[in-house]
Amino acid sequence: MEENKPARPSSYLALAIISTILCCLPTGIVSIIYATKVNSAYEDGKYEEANKASKNAKLWGLIGVGIAALGWIIYLIFGAAMFATALSDV
C-alpha cells in the first residue's frame, strides 16, 4: 500500500548559494545547511521538519540578499555624496 506523502517543500538551495556568493557568507552558509536538510528530512518521512528547514532556508537566504542590497544602496549613496562634494569644490 502506497503512503500519501505531502508535496516535497522547496529547498531554496539556489537562493542559498546566491546569497552566499553575493555578500553574506554567514547567512548564506546557514541557508545552505537548512536547504540540504530539506530533502533528507523529507525522505526520512519527517515532513514537518522538512517544512521547517525549507522555511528557514528561505528566511536566511532572503536575509543575505537583503543585507547585500542594503550594502549596495549605502555604497551608492556614499558614492553619490562624494561625487556631489567633489563637483561642488570645482
Side-chain angles (χ1 to χ4, degrees):
M1 189 192 291
E2 192 174 312
E3 181 183 331
N4 288 336
K5 292 183 177 180
R8 181 184 303 266
S10 177
S11 68
Y12 297 103
L13 186 59
L15 175 64
I17 292 171
I18 289 169
S19 70
T20 304
I21 291 171
L22 278 180
C23 143
C24 274
L25 194 61
T27 60
I29 290 173
V30 172
S31 183
I32 288 173
I33 290 170
Y34 280 119
T36 57
K37 287 182 180 181
V38 173
N39 289 334
S40 60
Y42 183 83
E43 292 301 323
D44 291 341
K46 301 175 183 174
Y47 305 121
E48 186 61 35
E49 186 178 325
N51 281 328
K52 286 181 183 178
S54 175
K55 289 177 184 176
N56 283 328
K58 181 180 179 182
L59 174 70
W60 285 103
L62 290 175
I63 288 172
V65 170
I67 291 172
L70 183 63
W72 277 104
I73 290 169
I74 291 170
Y75 176 76
L76 291 174
I77 288 171
F78 278 127
M82 287 190 295
F83 184 72
T85 303
L87 284 179
S88 68
D89 288 342
V90 174

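The first residue of the sequence shown is numbered 1, and numbering continues consecutively from there. As the structure is a computational prediction, the values presented were derived from the model and not from experiment.
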**Message:** Looking at every heavy atom in both Pro6 and Tyr47, which two are closest together, and how far apart are they?
**Reply:** CG-CG, 3.6 Å
**Message:** Applying ring pair (Phe, Tyr, Trp, His ring centres under 6.0 Å), can you list everything that pairs with Phe78, at least two apart in sequence or on another chain?
**Reply:** none
**In one Ile/Leu/Val/Met/Phe/Trp/Tyr side-chain cluster, 4.5 Å: Leu15, Leu59** = no
**Request:** Indicate the atoms forming the closest heavy-atom contact of Gly61 with Ser31, along with that distance.
**Result:** N-OG, 3.5 Å
**Asked** Sequence neighbours excluded, which residues qualify as side-chain contact (heavy atoms from CB on, under 4.5 Å) partners of Ile17?
**Response** Leu13, Ile21, Ile32
**Request:** Supply the atom-to-atom distance Trp60 CH2 to Leu62 CG, rounded to the nearest 0.5 angstrom.
**Result:** 12.0 Å
**Request:** Side-chain contact test, heavy atoms from C-beta onward, threshold under 4.5 Å: evaluate it for Tyr42 versus Pro9 and give yes or no.
**Result:** yes
**Request:** Check the hydrophobic clustering (I, L, V, M, F, W, Y; side-chain heavy atoms under 4.5 Å; chains of links allowed) and say if Ile18 and Tyr12 are grouped together.
**Result:** yes
**Item:** Heavy-atom closest contact (Val38 atom, Ser54 atom, distance)
**Value:** CG2-N, 3.5 Å
**Request:** Check for a donor-acceptor pair, side chain of Thr20 on one end and backbone N or O of Ala16 on the other, with a separation under 3.5 Å.
**Result:** yes
**Prompt:** Between atom CZ of Arg8 and atom CD of Glu43, what is the distance when rounded to the nearest 0.5 Å?
**Reply:** 4.5 Å
**Message:** Tell me which pairs pass salt bridge (charged side-chain N to carboxylate O under 4.0 Å, His left out) where either residue lies in residues 47-68, with sequence neighbours left out.
**Reply:** none
**Item:** Ser11 OG to Asn39 CG distance, which is reported to the nearest 0.5 Å
**Value:** 5.5 Å
